[in-house]
Amino acid sequence: MKAGIAGAGMIVPTFLAAEKQIPELEAAAICGTVRSKDKAEKLAKEHGIPQVYCDYDKRLACPELHVIYVAVPNHLHASFVRRALLAGKSVICEKPLCSSLAEAEALALLAREKGLYLFEAITNQYFPNYQKVKELLPRLGRVKIVEINYSQYSSRYDAFRAGEILPVFDPKKSGGALMDLNVYNIHFILGLFGEPEEVRYFANMEQGADTSGVLVLRYPGFVCTAIAAKDCKAPCCINIQGDQGCITSDSPSNVFERFRFSENRGPDQLYELNEERERFYYELRAFLQMVKTQDRRFHEEQLQRSLAVQRILDEARRQADMEILSDLS
């Protein structure tokens, strides 16, 4: 399967490293803006990508590309995804899928109508470690508390404080800690427990952006806290506590490298099942398998989770009085 890459930012080398481990997937073209053409050319040279271009729509018209990996800034996701779907290409889109639920619903409908695949690139759902957590979860008994913290001091935060508003902190470009980091935590939680009954978001706001925040998700019988920060750091953690045991990890939720399982009466067990693969490897494998087998049921399940996550992102931003913008007219 030949893939075209839209974007030349920091996440693209991670995609390309995983693509090298998957013989069935070939990065055949990369598209940057005129301003980022040098970056795109450098990536193409380093990774053996045969085509570099700046005209996204012209490249979409080429029949040799089967799927587009969208890795542009958050606020452009919807437009780039829509144009790819209209051109008959399936899409792997970086997280968050869109800037709003309305965008996500419109794109999901378009993908269904055209019989194409729209897949949010969210790593944690497909890790062997995560699948093992799903298997072990019933042994925890009644879940009581879930806590996830993904905090890292951003290399761009100092510039932001000095008045340089880069996309990752720009509220008009769907930036902020919620959309950049906490989205991983939300997917991690919803993949295990489904949608919550109640959503509350307590954000630290600077210049209109949530530089950090605590998201509280209430479920019948227990509460989850999902913490993300770009303005301060702390040890990352994942804790799922039940009345019969617990699951704990010191990994961020986007890589989930290892975890410990402990029952109230029994020794700890350490699991490290991800086989040191590039972190995008398992999600790309899942996408390829879905397309190969034409598994529309699996596709719909992933879409529904993405839509549920988008509902939470919208509600959290409303509570923080953050503007929810749309790139679709």
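Values below: all heavy atoms of this structure, side chains included; hydrogens, waters and symmetry mates excluded.
- With S253 as the fixed residue, the side-chain hydrogen bond (donor to acceptor under 3.5 Å, both in side chains) test singles out one of N149, N185, N182, T123: N185.
- Crowding of R318 atom CZ: a count of heavy atoms from other residues, nucleotides or ligands under 6.0 Å exceeding 12.
- E301 has a carboxylate O that lies under 4.0 Å from a charged side-chain N of R297, or vice versa, which qualifies the two as a salt bridge.
- Contact detail for A111 and R296: the closest heavy-atom pair is O-NH2, 4.2 Å.
- For F188, the ring-ring contact (aromatic ring centres under 6.0 Å, His included) partners two or more places apart in sequence, or in a different chain, are Y130, F256.
- Here the side chain of H77 pairs no donor or acceptor atom with the backbone of C98 at under 3.5 angstrom.
- In summary, of the residues considered (Q302, Q310, H187, Q125), a side-chain contact (heavy atoms from CB on, under 4.5 Å) with E120 occurs for H187 alone.
- When each of Q131, K132, R139 is checked for a side-chain hydrogen bond (donor to acceptor under 3.5 Å, both in side chains) with E135, only K132 meets the rule.
- K172 NZ: 12 or fewer foreign heavy atoms inside a 6.0 Å radius.
- A donor-acceptor contact closer than 3.5 angstrom links the side chains of D231 and T211.
- Checked by atom type and distance alone, the side chain of N129 pairs as donor or acceptor with a backbone atom of E257 at under 3.5 Å.
- Residues Y126 and Y69 fall within the same hydrophobic cluster, defined by Ile, Leu, Val, Met, Phe, Trp and Tyr side chains chained together at heavy-atom separations under 4.5 Å.
- In summary, R82 and E103 do not engage in a salt bridge, as defined by a charged side-chain N under 4.0 Å from a carboxylate O.
- Test E206, Q152, K230 against Y157 for side-chain hydrogen bond (donor to acceptor under 3.5 Å, both in side chains) and you get one pass: E206.
- For residues 283-294, the set of pairs meeting the salt bridge (charged side-chain N to carboxylate O under 4.0 Å, His left out) definition, not counting sequence neighbours, comprises E24-R285.
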